[in-house]
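Report on the structure given below.
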Amino acid sequence: MSASTRLLTTVSVASVVCRNVHVAIFSQEVKILHMSEVPLKHLFIRNIRKSTFVPEALFSTYLNLLESISSPATHQEFNKTIMEPYLESCYVLNDTSPIHEVPVNIGDDIVLSDGEDTSRSDSMDVDIMKECGGSLDIKCPMSKQDYKALRKWKRFGKEKLAINSNDTFVLRLLSFNILAQNLLETHSYLYKAHDKRALSWESRKSLLFQEILQADANVICLQEVQNDHLGEIVKPFRDLGYAYLYKKRTNDKEDGLLLLYRSDQFNLVDHAKVELYQSGIELLSRDNVGLIAKLSLKDSPDTQIVIATTHLLYNPRRNDVRLGQIQMLFAELERIAFIENTPTGARYHPIILAGDFNLEPYTGVYKFITEGTFEYVGKARNLEPAEYRLFCRLSNMLIPPRLYVTDSCQHYNILKKRLRGEGDGRVMLENSETKELHDESNSTNDPASIYKKSEVDVKTSKCQKIELIDGNYASFSSGRLVHPFKFKNVYQHADRYGNPEATTNQGKWITVDYIFYTEIQPFEKYTLPTVEQCNLFPTIPNFTVGSDHLCLGASFKLQKKKH
Ligand code: KL2
């Protein structure tokens, strides 16, 4: 208890020990130094909160921290390793204003400034750093300043120097799951430990806008954008010159994807609103969606890039569903990004694929995305090897051939048209927004009926391999998927010492959000904190972070095409 002893001697007004609760009361503030009985804490905090001279922020921070520990057994450890250094960081500087700020103003005004607390000098940041051991590997909870210190735009690789802007366009992309308010309310049990005021839409919205607008990205991919919040979310971006595409999740879901791009810099050349829901198919019975935009540079129209975003199924056990969803999304991505066939294979525009994939690094779907191939047959639904329970193993068929999406994540009809020049290249996916197309093909109640003459057997679940043109095959239900993109990650999911990074908290801090890219070079990223550092945050959303996810960001060098 050396920290608290010092506190009590250096700042003296009163110290109260009430049963197992130790409290120090200073001129304007109350610190809770030790509390061994967890049930007591609720009563205690409720009572002390009534006191008008106690800053609310202190309690909310304390409450958040306190609730983030799982059991009374860890309480003492918590006090020692987190609470005491926290209190020390608050007051050891002998400053009259508390470092940990009061909650953001809740109001309609969108704060466009970077939200820096101007009452504090830069030297104070340095002092806090020293208190915390002189590095960012700090052992005290996060203030807004600490959070910002962890979230910097950092250049990497060979590109530390200035970019030559004549033949290069710098594309900065931000991806953020902003937590739809309706989902927050539906899953309110997840947010019991949070300060209720940090969960209000008005408070979160203000923080979300601050962080997003401060990044000054040319393209922004948002997930969980509530349908009836679309107007108010889009408004400030429209005023700043962004155009947008929105795709709501299907059926009864009330949130969706928003892709914003600077309309003074880009033209929208093509786009797809992808519904991963396909009726009558269990694997594709979830309401997740994808959004794909092909953009060209206004000042160099031949320079094009495809940007895609998605938010895949949450259910942590169903990696098989997410694999099927990715297969569908990639088929659409392949269609939009395709340039031409060459003797060495197809060429594609650069692609950036960002979003909330609800899957952890190095798991099955992640491997598929980054390695380009994955064998699912015989695996369990989580795509791990199925050692027992034979009946739970995945068969050779993932999605049925009636969708005409091949095992190489391509639309069969498009492939056929490209290679043989036959047919109309029509996509056989259902889309509630373009229903007329399907009503026409549905007229015989069999979406595949007009393709009866084609070689694909839409009824069988057996493996099919069809020769399109000499040496070129399309396969269905082979037990293995491949895709034609060489996706890399902006983030390495760990710091240079191997400590894992995190993008969200699902009981524990994990990574589920990614920015993948191909045929384009990133040179800068918006750094993510490690799990250890995240554990020092008051659980998010809080008065610093407006969502239950952290946002990702990267800047890319887009090589302009010469005429
Ligand atoms: O983890 V998320 O939160 O990527 O931020 O995506 C989903 C989950 C989102 C859309 O379905 O809602 C959240 N328990 C916890 N969170 C859930 C659950 C659940 N059972 N279902 C959906 N979500």
Side-chain angles (χ1 to χ4, degrees), residues 67-68 70 174-194 198-199 201 204-205 207-208 211-212 221-230 233 246-259 274-277 283-291 308-326 329 353-361 363 365-366 369 381-382 491 493 501-516 528 531 534 537 539-542 545-552:
E67 294 281 0
S68 70
S70 50
L174 199 78
S175 180
F176 201 176
N177 178 328
I178 62 167
L179 176 57
Q181 191 66 13
N182 69 312
L183 289 173
L184 182 153
E185 284 161 17
T186 310
H187 302 126
S188 58
Y189 55 91
L190 295 173
Y191 306 100
K192 274 200 275 204
H194 294 61
L199 299 180
W201 172 234
R204 296 200 305 110
K205 185 171 66 176
L207 292 171
L208 295 170
E211 191 159 15
I212 297 169
C221 299
L222 302 181
Q223 302 85 40
E224 288 199 28
V225 174
Q226 196 172 312
N227 199 22
D228 59 7
H229 285 163
L230 186 61
I233 290 175
Y246 180 72
K247 176 61 185 164
K248 189 183 90 60
R249 286 199 288 149
T250 41
N251 300 314
D252 59 344
K253 304 301 184 295
E254 288 300 330
D255 66 290
L257 306 169
L258 178 62
L259 195 155
V274 191
E275 299 191 351
L276 304 173
Y277 174 91
L283 198 86
L284 300 173
S285 62
R286 316 311 204 278
D287 293 311
N288 304 88
V289 291
L291 192 50
T309 184
T310 191
H311 180 194
L312 302 182
L313 173 72
Y314 165 73
N315 186 337
R317 290 182 301 278
R318 296 301 300 271
N319 278 319
D320 59 334
V321 172
R322 279 181 287 275
L323 186 65
Q325 293 183 331
I326 280 287
L329 183 66
L353 168 64
D356 176 357
F357 294 75
N358 266 320
L359 53 96
E360 293 196 61
T363 56
V365 184
Y366 181 95
I369 296 171
R381 281 179 161 176
N382 63 5
Y491 293 89
H493 321 313
E501 292 174 348
T503 65
T504 190
N505 189 311
Q506 294 183 359
K508 57 180 181 165
W509 282 95
I510 55 170
T511 288
V512 298
D513 303 87
Y514 303 95
I515 301 177
F516 299 109
L528 277 168
V531 168
C534 290
F537 295 167
T539 46
I540 58 172
N542 54 36
V545 179
S547 174
D548 64 338
H549 286 248
L550 303 178
C551 62
L552 311 186

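Heavy-atom basis, side chains included; hydrogens, waters and symmetry copies ignored. First listed ligand is number 1; within each ligand, the first listed atom is number 1.
- Closest to atom 1 (O) of ligand 1 among all protein heavy atoms lies Q506 NE2, 2.9 Å.
- Here atom 3 (O) of ligand 1 lies nearest to E224 when heavy atoms of K253, R286, H187, E224 are compared.
- Of the possible polar contacts, one joining the T511 side chain to the E501 backbone as a donor-acceptor pair under 3.5 Å is found.
- Atoms of ligand 1 lying under 4.0 Å from any heavy atom of D548, numbered from 1 in the order shown and given with element: 5 (O).
- For D255, no heavy-atom contact with ligand 1 is shorter than 4.0 Å.
- Only the side chain of H311 comes within 4.0 Å of ligand 1, judged by heavy-atom distances.
- With hydrogens and angles disregarded, a donor-acceptor distance shorter than 3.5 Å links the side chain of R322 to the backbone of P316.
- Paired with H549 under the rule side chain to side chain donor-acceptor pair (under 3.5 Å), one option of N505, D513, T503 passes, and it is D513.
- Atoms of ligand 1 lying under 4.0 Å from any heavy atom of H549, numbered from 1 in the order shown and given with element: 2 (V), 4 (O), 5 (O).
- Checked by atom type, the side-chain pair Q223/D356 shows no donor-acceptor distance below 3.5 Å.
- Residue L190 approaches ligand 1 through these ligand atoms, each under 4.0 Å from one of its heavy atoms: 15 (C), 16 (N).
- With respect to atom 8 (C) of ligand 1, the closest heavy atom belonging to the protein is Y314 CD1, 3.6 Å.
- For F357, no heavy-atom contact with ligand 1 is shorter than 4.0 Å.
- Relative ring orientation between H493 and Y366 is described as perpendicular, the plane-to-plane angle rising above 60° on a 0-90° scale split at 30° and 60°.
- Protein heavy atom at the shortest distance from atom 4 (O) of ligand 1 is D356 OD2, 2.2 Å.
- Close approach of ligand 1 to N177 is summarised as follows: ligand atoms under 4.0 Å from at least one heavy atom of the residue are 4 (O), 5 (O).
- Closest approach of V289 to T250, counting heavy atoms only: CG1-N, 4.1 Å.
- The backbone N or O of A354 lies less than 3.5 Å from a partner atom in the side chain of T309, making a donor-acceptor pair.
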Task: Chi angles and distances behind the side-chain hydrogen bond (donor to acceptor under 3.5 Å, both in side chains) call for E254, N182 - done: CA-CA 8 Å; E254 288 300 330; N182 69 312; over 6 Å; no
